[in-house]
Amino acid sequence: MKIVLASGNKGKIEEFKKLMPNDEVVAFKELIGDFEVIEDKDSFQGNAIKKAVEIYEKILLEYPDDNIVVISDDSGITVPAINNEPGIYSARYAGEGSSDKENNAKLISKLKERNLSKTPAYYTACIAIVYKNETYSVHGWMHGNVIDEEKGEGGFGYDPMFIANGFDKTLGELGYEGKKEFSHRTKALKLAKKVLEVIL
Ligand SMILES: O=c1[nH]c(=O)c2ncn([C@@H]3O[C@H](COP(=O)(O)OP(=O)(O)OP(=O)(O)O)[C@@H](O)[C@H]3O)c2[nH]1
Ligand SMILES: [Mg+2]
């Protein structure tokens, strides 16, 4: 069965395709072109469900007979020492439409303002699934520390600033192969696969 990913984030799409090698994973844009979902809920779960539902409904309008399953991912990084920023605002921390580089620069300046060269942080991923008008959601987390500089070119987003617990290199330095063993997205997707086993 075709699994439609309700995400426009290239880093996520790449990770999902690698994490689900036995499924036909298609980014929604390949089916219906560009479509913006306003992420105005106050939780990862609220935004993940909103993305999956709106894209599911939009696809059904164009492919009414398709037996389609849509999955979405709403994720971000939370730094308790700076009032839990950026959290659900991770993608737009430096303003609407900001790049990973700009978001990282803002986080670095916030850490430097408080003389925090290294402080605890965690990633959250909520994956929502919509199938036959029913909604499901699961979460995964990854704990570690953020540092006030970028190291390495791997991963995406805040990865060059994040050192997972038990490691001494950033996810940017470890790259995808390191990260996929224990990331928030990997953990959430493990549960999502269980849900798919039950409902499909
Ligand atoms: O270093 C990172 N490693 C990760 O593994 C990771 N997962 C999420 N994030 C960041 O959190 C925001 C997600 O926001 P988000 O869930 O709204 O996604 P998005 O707007 O980019 O795409 P979409 O899926 O909504 O279309 C984005 O800024 C990402 O950079 C990560 N950063
Ligand atoms: Mg988004």
Side-chain angles (χ1 to χ4, degrees), residues 4-19 25-30 32-56 58 70-79 84-108 121-129 137 139-147 150-164 167 169-189 192:
V4 181
L5 244 191
S7 174
N9 181 308
K10 285 195 184 118
K12 286 187 196 175
I13 295 169
E14 220 172 275
E15 286 193 10
F16 271 105
K17 287 190 169 172
K18 286 185 187 156
L19 289 167
V25 179
V26 185
F28 80 92
K29 281 185 187 169
E30 295 174 41
I32 56 168
D34 228 342
F35 177 66
E36 199 199 347
V37 179
I38 309 291
E39 298 179 34
D40 55 3
K41 299 295 179 189
D42 62 3
S43 64
F44 293 109
Q45 186 185 36
N47 284 327
I49 290 174
K50 189 170 191 220
K51 286 189 260 193
V53 167
E54 287 192 18
I55 287 179
Y56 177 81
K58 180 96 176 139
V70 172
I71 67 175
S72 68
D73 164 308
D74 198 65
S75 45
I77 190 166
T78 302
V79 186
N84 293 324
E85 291 180 22
I88 61 166
Y89 304 105
S90 293
R92 49 195 148 116
Y93 194 33
E96 209 60 58
S98 45
S99 66
D100 286 350
K101 279 273 159 215
E102 290 164 335
N103 288 331
N104 291 0
K106 171 144 185 196
L107 183 52
I108 287 170
Y122 59 92
Y123 280 111
T124 306
C126 178
I127 293 180
I129 299 170
S137 62
H139 287 82
W141 288 272
M142 170 168 53
H143 289 265
N145 285 273
V146 278
I147 54 172
E150 292 176 288
K151 285 187 179 172
E153 303 289 324
F156 67 95
Y158 299 91
D159 283 345
M161 301 177 61
F162 188 85
I163 300 175
F167 293 82
K169 288 194 163 83
T170 69
L171 294 179
E173 292 171 300
L174 290 178
Y176 173 72
E177 285 308 313
K179 177 183 173 186
K180 80 166 187 212
E181 298 303 322
F182 51 82
S183 87
H184 50 312
R185 187 159 299 103
T186 300
K187 290 179 193 160
L189 193 56

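Numbering of ligands and ligand atoms starts at 1, following listing order.
In terms of heavy atoms, Ser137 sits closest to Gln45 at OG-NE2, 2.8 Å. Taking all atoms of both residues into account, the shortest heavy-atom contact from Lys179 to Arg185 is NZ-NH1, 4.3 Å.
Take the Mg ion (ligand 2) and draw a sphere of radius 2.8 Å; the protein N/O/S atoms inside it number 1.
Remark: Phe167 engages Phe182 in a ring pair (Phe, Tyr, Trp, His ring centres under 6.0 Å) (not counting sequence neighbours).
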Worksheet item: Between Met142 and Phe162, is a side-chain contact (heavy atoms from CB on, under 4.5 Å) present by the stated rule, with each step listed?
Response: CA-CA 10 Å; Met142 170 168 53; Phe162 188 85; 3.8 Å; yes
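Atoms CG and OG, from Leu189 and Ser183 in turn, are 9.0 Å apart once rounded to the nearest 0.5 Å.
Ionic pairing of Glu54 and Lys41 is not present here: no N-O contact between side-chain nitrogen and carboxylate oxygen is shorter than 4.0 angstrom. Under a 4.0 Å N-O distance rule, the pair Glu39/Lys50 does not qualify as a salt bridge.
A cation-pi contact, defined as under 6.0 Å to the ring centre and within 45° of the axis, is absent between Lys58 and Phe28.
Within the structure, every pair that satisfies the salt bridge (Lys or Arg N to Asp or Glu O under 4.0 Å) test and touches residues 86-102, not counting sequence neighbours, is listed here: Lys101-Glu150.
Within 4.0 Å of ligand 1, contacts by protein heavy atoms are made from Ser7, Gly8, Asn9, Lys12, Glu39, Lys51, Asp73, Asp74, Ser75, Gly76, Ser90, Ala91, Asp100, Tyr123, Phe156, Gly157, Tyr158, Asp159, Lys179, His184, Arg185.
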